[in-house]
J.: 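My structure is below; once you've seen it, I'll send some questions.
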Amino acid sequence: MTDATIRELSRHVGETVRLRGWVENKRSSGKIAFLQIRDGSGVVQAVVSRAEVDDASWEAVAAASQESTVHVVGAVKEDRRAPGGVELVTESLGVDAVSEEYPITPKEHGVAFLMEHRHLWLRSSRQRAALKVRSEAVRAIRDYFHDREFVLIDSPILTPAACEGTSTLFETDYFGEPAFLSQSGQLYLEPAAAAFGKVFCFGPTFRAEKSKTRRHLMEFWMVEPEVAFLEFDGLCELAEDFLTRVVARVLDRCAEDLKVLERDTSALEKVVGPFPRITYTEAIEALREKGVDIEWGDDFGADEETQLASLHDRPLMITRFPASMKAFYMEPDAEDPKLALGLDVIAPEGYGEIIGGSQRIHDPELLERRIREHELPAEAFQWYLDIRRYGTFPHSGFGMGLERFVAWMSGLAHLRETIPYPRMLYRIYP
RNA sequence: UCCUCGGUAGCUCAGUGGUAGAGCGGUCGGCUGUUAACCGAUUGGUCGGGGGUUCGAAUCCCUCCCGAGGAGCCA
């Protein structure tokens with residue numbers, strides 16, 4: 001008896017195989033029954049005819065409630081009517097574990113209910129597809145950097161102080177000292193750039209902001225490359241090349257999942273370079289021409305962001321922001337010191353900012369001054385200043401939020417479906 | 001934190017001052033090609049909690065709790 005997975009069933013046509021899995025759904029017409037079996041690799045229909053199985057198997061059909069664990073032995077048969085092209089003509093069937101009444105029925109459910117049952121919701125086809133897109137996106141991102149000789153530098157999750165000091169941090173106790181969950185690996189990555197040249201980190205980050213929107217999670221994953229001797233134009237090129245290739249890879253490897261998600265992939269196929277690039281100042285002008293009430297120096301709201309992005313079918317790169325609205329470590333524009341060499345990449349179709357990056361200040365005195373101006377605790381940043389004291393070098397990097405990227409790829413409106421167990425404002429169960 | 005909407009059966013919802021309902025699910029029965037199968041029967045309720053108005057409250061008022069959507073902030 002050959003054990004098989006559903007994904008590879010088409011290679012076993014004509015053979016008798018054994019499957020183990022769960023009953024997704026069941027339909028019965030008295031003397032014939034149809035069981036949709038899921039084994040993790042796919043879903044296949046097992047056909048059970050009363051006349052062709054023994055009594056025990058026929059009783060098992062009756063006992064096999066939704067999500068019961070079963071094993072089926074049957075002949076793999078091509079059938080045009082079956083999704084996937086094959087079905088299993090059952091020879092024998094056994095229930096390994098009867099499922100209690102399963103909460104998630106084939107009908108519609110509300111978000112609150114589904115989130116309460118996230119551990120079970122993961123079994124649903126759309127959730128499986130979205131999380132497979134996530135899995136493949138992670139792989140594509142890692143491959144992208146490894147293929148280009150970036151070194152993975154895991155930044156710490158427990159940190160002694162705010163990296164940027166602006167957002168709220170989750171505080172915890174570190175043997176009597178306050179410690180904080182990291183909200184960015186960047187500051188720890190910059191020193192590593194002097195050791196390895198090209199580095200990246202990819203891990204969870206934590207923001208205690210009380211954000212309650214579809215674009216925010218308290219715990220999310222961020223990939224952050226940092227490159228020595230990379231200046232601002234090079235940073236923009238890196239971001240563009242990175243996005244282009246990772247999008248293409250997901251399109252290539254997740255075709256089935258994107259189909260399940262009903263994603264219009266033609267929109268993603270347009271994601272090729274060069275991306276449109278405008279400066280912050282040009283963006284403000286464009287918005288004002290459209291009648292938006294916004295002044296130079298204002299930050300873009302979600303609406304403005306979407307308006308700007310909707311002018312293009314590719315990711316929009318916005319550059320050179322007023323230094324006052326950006327982080328303390330951003331290198332000033334040599335041509336206009338009021339501006340910072342920052343880069344935001346806005347995804348099309350309203351998915352918002354997916355990348356934020358900048359060239360970093362490498363002059364020790366300027367960096368020290370900025371730390372004072374931002375009223376940051378100088379003691380806490382001595383190690384960060386060391387990078388400028390001991391052989392300073394221009395360098396740049398960016399961060400991309402994995403969940404926003406996956407939401408964009410998958411066409412999902414809400415980040416909560418792009419991560420297995422979302423941590424949201426006032427929701428940490430399950 | 002603010003604004004808006006919501007909480008009625010296991011789930012999705014209808015019921016807006018006068019006997020708590022439907023569909024799905026569950027259970028029982030029927031059906032040999034079903035595709036959210038179908039058909040019949042049946043099961044199922046502290047109407048989010050507390051207080052108030054009223055002869056009478058799921059319905060009106062107050063309050064608290066919980067959820068959803070959005071804003072701000074950001075990835």
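Fair warning: this is a prediction, and the values are worked out from it, not measured in the lab. In what follows, every chain begins at residue 1, and chains take the letters A, B, ... in the order their sequences are listed.
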J.: Need the pair for C13(B). Rule: Watson-Crick or G-U wobble, both distances under 3.5 Å, any strand; none if unpaired.
T.: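 Paired with C13(B), as far as the under-3.5 Å criterion goes, is G21(B).
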J.: Syn or anti for U16(B), given that syn means the glycosidic angle lies within 90° of 0?
T.: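 Glycosidic conformation of U16(B): syn.
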J.: Pick the C1' atom in C11(B) and in U19(B), then give their distance to the nearest Å.
T.: 26 Å
J.: Would you say a side-chain N or O of Arg404(A) is under 4.0 Å from OP1 or OP2 of C74(B)?
T.: no
J.: Side-chain N or O of Arg50(A) less than 4.0 angstrom from OP1 or OP2 on G33(B)?
T.: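 Checking Arg50(A) against G33(B): no side-chain N or O falls below 4.0 Å of OP1 or OP2.
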J.: For the base of G10(B), is there a side-chain donor-acceptor partner from Glu100(A) under 3.5 Å away?
T.: no
J.: Would a distance-only check, ignoring hydrogens and angles, find a side-chain to backbone donor-acceptor pair under 3.5 Å from Ser41(A) to Arg7(A)?
T.: yes
J.: Please work out which of the three classes, parallel, tilted or perpendicular, describes the rings of Tyr188(A) and Trp383(A), given edges at 30° and 60°.
T.: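 The arrangement is parallel - the two ring planes meet at less than 30°.
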J.: Is there a ring pair (Phe, Tyr, Trp, His ring centres under 6.0 Å) between Phe220(A) and Phe206(A)? Walk through the geometry before answering.
T.: CA-CA 7 Å; Phe220(A) 66 97; Phe206(A) 307 87; 8.5 Å; no
J.: Suppose you measure atom C1' in A58(B) against the same atom in G7(B); what distance do you get, rounded to whole Å?
T.: 11 Å
J.: Determine the interatomic distance between C1' on G44(B) and the same-named atom on A22(B); round to the nearest Å.
T.: 13 Å
J.: Figure out the CZ/C1' separation between Phe242(A) and A75(B), and round it to whole Å.
T.: 12 Å
J.: If you check every side-chain atom of Arg207(A), which of C73(B), G67(B), A75(B) has the closest atom?
T.: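 Comparing C73(B), G67(B), A75(B) against the side chain of Arg207(A), the answer is A75(B).
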J.: Is a side-chain donor-acceptor pair under 3.5 Å present for Asp241(A) with Tyr144(A)?
T.: yes
J.: Starting at NZ of Lys210(A) and ending at C1' of C3(B), how long is that distance when rounded to a whole Å?
T.: 17 Å
J.: Please measure how far the C1' atom in U59(B) lies from the corresponding atom in G15(B), and state the result in whole Å.
T.: 9 Å
J.: Rounding to the closest angstrom, what is the interatomic distance between G69(B) and C64(B) at atom P?
T.: 23 Å
J.: Relative to the 5' end of RNA chain B, which residue comes earlier, Glu87(A) or Asn25(A), by the nucleotide with the nearest heavy atom?
T.: Glu87(A)
J.: Report the base-pairing partner of U59(B) (Watson-Crick or G-U wobble, both distances below 3.5 angstrom), or none.
T.: none
J.: Closest approach to the side chain of Asp79(A), judged atom by atom: which nucleotide of A75(B), U34(B), G33(B) is it?
T.: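 Of all the options, the side chain of Asp79(A) is nearest to G33(B).
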J.: Please name the nucleotide paired to U46(B) by Watson-Crick or G-U wobble geometry with both distances under 3.5 Å, or report none.
T.: none
J.: Is His414(A) near enough to G69(B) that one of its side-chain N or O atoms lies under 4.0 angstrom from OP1 or OP2?
T.: yes
J.: For Leu415(A) and C74(B), give me the distance from atom CG to atom C1', rounded to whole Å.
T.: 11 Å
J.: Rounded to whole angstrom, note down the P distance from G48(B) over to G10(B).
T.: 13 Å
J.: On a whole-Å scale, what distance lies between the P atoms belonging to U42(B) and U8(B)?
T.: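 Per the computed distance, 26 Å lies between those P atoms.
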J.: Find the partner of C38(B): check Watson-Crick (N1-N3 plus N6-O4 or O6-N4) and G-U wobble (N1-O2, O6-N3) distances, both under 3.5 Å, and reply none if neither fits.
T.: G30(B)
J.: How many whole angstroms separate atom CZ of Phe34(A) from atom P of U32(B)?
T.: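 It works out to 11 Å between those atoms.
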J.: Can you tell whether the side chains of Lys198(A) and Glu226(A) come within less than 4.0 Å, N to carboxylate O?
T.: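 No, no charged N to carboxylate O under 4.0 Å.
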J.: Check the distance between C74(B)'s C1' and Ile355(A)'s CD1 and give it to me in whole angstrom.
T.: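 So the two atoms are 15 Å apart, to the nearest Å.
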J.: Give the nucleotide from the list U1(B), G72(B), A68(B) with an atom nearest to the side chain of Leu425(A).
T.: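 That would be U1(B).
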J.: Would you indicate what Gly352(A) reaches in the nucleic acid, counting non-hydrogen atoms under 4.0 angstrom: base, sugar-phosphate, or nothing?
T.: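 No contact at all - Gly352(A) keeps every heavy atom at 4.0 Å or more from the nucleic acid.
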J.: Apply the side chain to side chain donor-acceptor pair (under 3.5 Å) test between Gln36(A) and each candidate in Glu24(A), Gln45(A), Lys26(A), Gln66(A); give the one that qualifies.
T.: Gln45(A)
J.: Round to a whole Å and report the spacing from CZ of Arg423(A) to C1' of A75(B).
T.: 19 Å
J.: When you measure from the side chain of His216(A), which nucleotide among U1(B), A68(B), C74(B) comes out closest?
T.: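 Of all the options, the side chain of His216(A) is nearest to C74(B).
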J.: Quick check for you: among G33(B), A75(B), A71(B), whose closest atom lies nearest to any side-chain atom of Ile32(A)?
T.: G33(B)
J.: Of the nucleotides A71(B), G25(B), G33(B), which one has an atom closest to the side chain of Glu101(A)?
T.: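 Nearest to the side-chain atoms of Glu101(A), counting from C-beta on, is G25(B).
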J.: Look at the side chain of Thr105(A) against the base of C11(B) and say whether a donor-acceptor pair falls under 3.5 Å; ignore hydrogens and angles.
T.: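 Such a pair does not exist between side chain and base.
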J.: Validate the cation-pi geometry between Arg245(A) and Phe242(A): distance from NZ or CZ to the six-membered ring centre under 6.0 Å, angle to the ring axis within 45°.
T.: no
J.: Between the base of C11(B) and the side chain of His109(A), is there any donor-acceptor pair under 3.5 Å?
T.: no
J.: Strictly below 4.0 Å: does Arg215(A) bring a side-chain N or O up to OP1 or OP2 of A71(B)?
T.: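 The answer is yes; a side-chain N or O of Arg215(A) sits under 4.0 Å from OP1 or OP2.
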J.: How would you label the contact of Arg416(A) with the nucleic acid (heavy atoms, under 4.0 Å): base, sugar-phosphate, or nothing?
T.: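 If one applies the 4.0 Å heavy-atom cut-off, Arg416(A) turns out to touch the sugar-phosphate alone, with no base involved.
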J.: Remember a base hit wins even if backbone is also touched, and classify Ala302(A) as base, sugar-phosphate or nothing at under 4.0 Å, heavy atoms.
T.: sugar-phosphate
J.: May I ask you to say what Phe113(A) touches in the nucleic acid, namely base, sugar-phosphate or nothing, with a heavy-atom cut-off under 4.0 Å?
T.: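 Result for Phe113(A) = sugar-phosphate.
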J.: Taking the side chain of Ser29(A) as its heavy atoms from C-beta onward, which of U1(B), C31(B), G72(B) lies nearest to it?
T.: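 For the Ser29(A) side chain, the nearest candidate turns out to be C31(B).
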J.: Please determine, for G69(B), whether a Watson-Crick or G-U wobble partner exists with both distances under 3.5 Å, and give it or none.
T.: C3(B)
J.: Among the candidates C73(B), G33(B), U32(B), find the nucleotide nearest to the side-chain atoms of Gln45(A).
T.: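 Side chain of Gln45(A) sits closest to G33(B).
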J.: Do any side-chain nitrogens or oxygens of Lys212(A) fall under 4.0 Å of OP1 or OP2 in A68(B)?
T.: yes
J.: If you measure from the C1' atom in C31(B) to the same atom in A41(B), how many Å do you get, rounded?
T.: 16 Å
J.: Is there a side-chain contact between Leu187(A) and Phe381(A), using heavy atoms and a 4.5 Å cut-off?
T.: yes
J.: When the distance from CD of Gln66(A) to C1' of A36(B) is rounded to whole Å, what number comes out?
T.: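 These atoms are roughly 11 Å apart.
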J.: Nearest to the Glu353(A) side chain among A75(B), C73(B), A36(B), which nucleotide is it?
T.: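 Of the options given, the side chain of Glu353(A) lies nearest A75(B).
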J.: Do you know which two heavy atoms are closest between Asp298(A) and Met325(A), and how far apart they sit?
T.: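 Result for this residue pair: O-SD, 3.9 Å.
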J.: With nearest nucleotides of RNA chain B determined for Trp221(A) and Ser28(A) from heavy-atom distances, which residue corresponds to the more 5′ nucleotide?
T.: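 Checking each residue's closest nucleotide, the 5'-ward one belongs to Ser28(A).
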J.: Base, sugar-phosphate, or nothing: which does Tyr102(A) touch, judged by heavy atoms less than 4.0 Å apart?
T.: nothing
J.: Evaluate side-chain contact (heavy atoms from CB on, under 4.5 Å) for Phe113(A) paired with Trp121(A), printing each intermediate quantity in order.
T.: CA-CA 10 Å; Phe113(A) 177 80; Trp121(A) 193 20; over 6 Å; no
J.: Just call it for Asp303(A): base, sugar-phosphate, or nothing, with non-hydrogen atoms closer than 4.0 Å on any strand.
T.: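 Answer is nothing: Asp303(A) stays at 4.0 Å or more from every strand.
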J.: Without decimals, in angstroms, what is the distance between Met115(A) CE and A68(B) C1'?
T.: 12 Å
